[in-house]
Amino acid sequence: NAGVTQTPKFQVLKTGQSMTLQCAQDMNHEYMSWYRQDPGMGLRLIHYSVGAGITDQGEVPNGYNVSRSTTEDFPLRLLSAAPSQTSVYFCASASQGYYGYTFGSGTRLTVV
Amino acid sequence: AQSVTQLGSHVSVSEGALVLLRCNYSSSVPPYLFWYVQYPNQGLQLLLKYTTGATLVKGINGFEAEFKKSETSFHLTKPSAHMSDAAEYFCAVSLYNQGGKLIFGQGTELSVKP
């Protein structure tokens, strides 16, 4: 099993550009989430999903969009990148009855 | 809504000493509680979790944590620190009726001195 796969691992964007961070899991997990990690601030929840077609906002949703058309995929879209979105982004998934998330290896994004 | 506070952004212990990392939570309904560990330049790994039942939970690498409802705490302990325990540790909480929403604390960096 690949677990949770995030692509790309590294990305540099110019201010104003848009892009999509990809996340896929092969464990048939119902729950999927996106977090950003910044020094001294822990992991902050951006958006999460409890199943295909269902998404909700987390703690810091502004500037990001998500959709969940399949159980496996949960892409994160940056609409117009800003330097404040420079961060490490983690995708995670969990089964409904387990409540323990499995994390991907992260995407390091720099916005210049 | 739920929240987590980790007391101490940096903790330093000597090898062989007790490790104690503090976590307090806030929630309006029974919480599910987790500890994760992150080694440098890696993702997060689940150490242990409390959902229901026994309040003292044991995890990997000799760590354990006790859920104390009266103190709204879930502190992480290990009797004897090893150099390989040096990492960042995160406490997290979700609610039993919102299992998809996991909220993290700010993290505690553990250093282990030889």
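Just so it is clear: chains get the letters A, B, ... in the order the sequence lines come, proteins before strands, and each one is counted from 1.
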Could you tell me which portion of [X] (side chain, backbone, both or neither) has an atom closer than 4.5 angstrom to a non-hydrogen atom of chain B?
X	value
A:Leu45	side chain
A:Arg44	neither
A:Glu30	neither
A:Gln6	neither

Are [Y] and [X] connected in a single hydrophobic cluster, I mean Ile/Leu/Val/Met/Phe/Trp/Tyr linked by side-chain heavy atoms less than 4.5 Å apart?
X	Y	result
B:Leu76	B:Leu102	yes
B:Leu7	B:Val19	no
B:Leu47	B:Val112	yes
A:Val12	A:Val88	no
B:Met83	B:Val37	yes

Distance, nearest 0.5 Å, that separates [atom1] of [X] from [atom2] of [Y]:
X	Y	atom1	atom2	result
A:Tyr48	B:Ile103	OH	CD1	8.0 Å
A:Gln57	B:Lys101	CD	NZ	10.0 Å
B:Phe90	A:Tyr35	CZ	OH	11.5 Å
B:Gln45	A:Thr102	CD	OG1	10.5 Å
B:Ser3	A:Glu59	OG	CD	9.5 Å
B:Leu44	A:Ser105	CG	OG	11.5 Å

Next item on the list: Answer with yes or no after comparing the ring centroid distance for B:Tyr36 and A:Phe103 against a 6.0 Å cut-off, counting only values under it.
Entry: yes

Checklist line | Residue part contacting chain A, namely of B:Gln38, when any heavy atom lies under 4.5 Å | finding: side chain

Item checked: Non-hydrogen side-chain atoms of B:Gln106 and A:Leu43 separated by less than 4.5 Å -> no

